[in-house]
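Notes to accompany the following structure.
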Amino acid sequence: MKIPILDARKLTLQRQGFYHSIFQNNKEGVLEMLLRLGYVQIDTISVVQRAHHHVIWSRVPAYEPDWIIDLQKEKKVYEYWSHAAAYLPMEHYRFCLPRMKRFAGGDSHWFKQDETARKQVLNYIKKNGPARSADFKRATPKKGEGWWDWKPTKKALEQLFMEGKLAVKERVNFQKLYDLSNNVLPENIDKKSPTEKQYVEFLAQQFIHAHGFGRPEEMAHLRKGMKPLVLKYLNSNKNYIKTIVNNIEYFTTEEMLDSIPKNDPDKKVYILSPFDNLVILRKRLKALFDFDYQIECYVPEPKRKYGYFTLPILYGTDFIGRMDCKADRKESIFYIKKLYLESDYKKPNAELTNSLKESIYQFSIFNNCKTIKILETFPKSFKRVLKF
């Protein structure tokens, strides 16, 4: 069965929360969104609002950064590793246990394990309560090793966190405050590790719940050894249907096919995070939206094509470009360095330009900026309209 590309886009946009208002515009809506998406990535880069805040705000426009912190304190949300550091709904906790078990069984998180440091850290927290890495005596860094020269206690904290022995109680000035997991988790949380079948089923169901359809490699993204198990599960379960989008085979369900929107999405511009759930799988983004996107903050400056931290721009069912910008919160100025438009949108109409202007304005407010400054020449079609 084939799904027209426009219908495929509509379905995945609807599931991802970009189809009119599907989440409550309040703190509870953040939890609804997490249960739908499965996770929100946490990232350290703060050129604009950090990824977790940005991703939530894109779907819950009234969002305030304290809301995710409150949900974590209320033990409705917890921090762990998805394909990267992430906030996850507490309801999904038991499906992190297979990864925790693997690390507790000997896998190392980036660094070789230091048993002495692990014991010291664990005993310290048992005796003194929650602690940050900064609470431990700092080791002298080796010259030139920079960020990767983590002191032994910091390495131990991360390893114990990955093993599930420690959990992040909260973040203080973005620094993790670790505590014993039993002190962080709700008393009634299900700690029974899923069977292999249950885990595979969860990966498939959650991805389709979040995206509408998917491939085994997408469902098992960065989960060691799970792709063949997911494929076997999908092929053997009659609830899953094979479908073709742009000559690529995906799996979906009758429920998802029946829910493909008949109407078009709002003609609204969304300025997205590079780590947004909709764009993080770059091959999927290219296949479904014909948008070739790469974050270039990890690319040497001379080799960058667009800029350090360009943000993808979604409009209706199309990705129409990317914007290189920066929020100077101290001076309350939102700088737009450059705007790049895809070829079909080099000559935008008034509806698009007005929507883009409004979205930039709202995004600047979200970044705690009162003034917007354009640093470089924009496409001529935008010169007149984009004056703030």
Side-chain angles (χ1 to χ4, degrees), residues 5-6 9-10 12-14 16-25 29 33 47-49 53-64 261-274 276-279 285 288-293 306-307 309-329 331-388:
I5 187 62
L6 183 58
R9 290 182 182 183
K10 286 182 177 182
T12 202
L13 288 171
Q14 180 198 55
Q16 281 286 297
F18 294 112
Y19 226 92
H20 311 293
S21 299
I22 65 170
F23 304 120
Q24 296 180 70
N25 199 18
M33 190 210 75
V47 175
V48 294
Q49 275 280 19
H53 297 313
H54 189 170
V55 171
I56 297 171
W57 173 80
S58 294
R59 296 159 173 84
V60 182
Y63 172 73
E64 298 176 10
K262 300 294 190 293
N263 57 336
D264 293 327
D266 292 330
K267 283 292 186 179
K268 175 183 176 180
V269 166
Y270 292 92
I271 300 167
L272 302 184
S273 166
D276 195 283
N277 300 52
L278 180 63
V279 305
L285 181 66
L288 294 180
F289 293 93
D290 194 26
F291 188 59
D292 191 7
Y293 175 75
Y306 297 107
F309 201 66
T310 58
L311 310 180
I313 301 174
L314 173 68
Y315 179 64
T317 56
D318 295 333
F319 278 89
I320 65 168
R322 62 206 85 198
M323 182 171 67
D324 188 19
C325 53
K326 179 181 179 179
D328 184 339
R329 298 171 189 84
E331 299 296 329
S332 192
I333 300 173
F334 187 77
Y335 291 102
I336 304 175
K337 298 179 180 180
K338 199 147 187 178
L339 175 71
Y340 302 88
L341 295 173
E342 298 294 285
S343 57
D344 290 345
Y345 288 89
K346 293 293 185 182
K347 296 181 179 180
N349 56 32
E351 183 181 48
L352 170 54
T353 51
N354 289 331
S355 182
L356 178 61
K357 183 176 181 179
E358 176 64 18
S359 293
I360 291 173
Y361 174 69
Q362 294 299 332
F363 190 55
S364 70
I365 293 174
F366 177 59
N367 278 275
N368 300 316
C369 293
K370 295 179 180 178
T371 304
I372 299 171
K373 287 189 177 180
I374 297 175
L375 297 183
E376 294 186 19
T377 303
F378 269 43
K380 292 181 180 179
S381 305
F382 281 94
K383 267 188 174 181
R384 181 179 56 83
V385 178
L386 290 181
K387 292 181 180 179
F388 295 95

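Between F366 and W57, the angle of the ring planes stays under 30°, which puts this pair in the parallel group of the 30/60° scheme.
Side-chain contact check for L272 versus L311: every heavy-atom pair is 4.5 Å or farther apart. Side-chain contact check for L339 versus I313: some heavy-atom pair is nearer than 4.5 Å. Residues F309 and V48 are in side-chain contact: their nearest non-hydrogen atoms beyond the backbone lie under 4.5 Å apart. Contact of the I372 side chain with the I333 side chain is not registered, since no non-hydrogen atoms from C-beta on lie closer than 4.5 Å. Between C369 and D328, the closest side-chain pair of non-hydrogen atoms is not below 4.5 Å. Counting heavy atoms from C-beta on, the side chains of Y335 and C325 never come closer than 4.5 Å.
Between F291 and G321, the shortest heavy-atom distance links the atoms CZ-O, 3.5 Å. When every heavy atom of I5 is checked against every heavy atom of L288, the shortest pair comes out as CD1-O, 3.4 Å. The minimum heavy-atom distance linking P312 with P274 is given by the pair CD-N, 4.2 Å. Residues E342 and D290 approach most closely at OE1-O, 4.5 Å, considering heavy atoms. Nearest heavy-atom pair, S273 versus V55, reported as atom, atom and distance to 0.1 Å: CB-CG2, 4.1 Å.
For the pair R322 and Y340, the cation-pi test (distance below 6.0 Å, angle within 45°) is failed.
Distance check, rounded to the nearest 0.5 Å: OG1 of T310 to NZ of K338 gives 13.0 Å. Separating the CG atom in L285 from the CG atom in L278 is a distance of 6.5 Å, to the nearest 0.5 Å. A distance of 11.0 Å separates NZ of K370 from CD1 of I365, quoted to the nearest 0.5 Å. A distance of 9.0 Å separates CD in E331 from NZ in K373, rounded to the nearest 0.5 Å. With rounding to the nearest 0.5 Å, the separation of OG1 in T12 from OH in Y19 is 12.0 Å. Here the straight-line distance linking atom CD of Q14 with atom CD1 of I22 works out to 7.0 Å at 0.5 Å rounding.
Although no hydrogens or angles enter the test, the distance criterion places no donor-acceptor pair under 3.5 Å between the side chain of S364 and the main chain of F334. Between the side chain of N25 and the backbone N or O of A62 there is at least one donor-acceptor pair closer than 3.5 Å. Looking only at distances, a side-chain donor or acceptor of S355 sits under 3.5 Å from a matching main-chain atom of V269. Using a distance-only test at 3.5 Å, with no hydrogens or angles considered, no donor-acceptor pair links the side chain of S332 to the main chain of R329. In this structure, the side chain of Y63 does not engage the main chain of H53 through any donor-acceptor pair within 3.5 Å. Panel note: side chain N367, backbone F363; a donor-acceptor pair is recorded below 3.5 Å.
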Self-check item: Test side-chain contact (heavy atoms from CB on, under 4.5 Å) applied to K10 and D264, step by step
Solution: CA-CA 8 Å; K10 286 182 177 182; D264 293 327; 3.3 Å; yes

Quiz item: What do the steps show when you test R9 against F289 for side-chain contact (heavy atoms from CB on, under 4.5 Å), and what is the final call?
Solution: CA-CA 7 Å; R9 290 182 182 183; F289 293 93; 3.7 Å; yes

Quiz item: For I360 and I271, what are the C-alpha separation, side-chain angles and deciding distance, and is it a side-chain contact (heavy atoms from CB on, under 4.5 Å)?
Solution: CA-CA 8 Å; I360 291 173; I271 300 167; 3.8 Å; yes

Quiz item: Between H54 and D276, is a side-chain contact (heavy atoms from CB on, under 4.5 Å) present by the stated rule, with each step listed?
Solution: CA-CA 8 Å; H54 189 170; D276 195 283; over 6 Å; no

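A side-chain donor from one of D318 and Y345 sits under 3.5 Å from a side-chain acceptor of the other.
Proximity of the aromatic rings of Y270 and F18 is defined here by a centroid distance below 6.0 angstrom, and this criterion is met.
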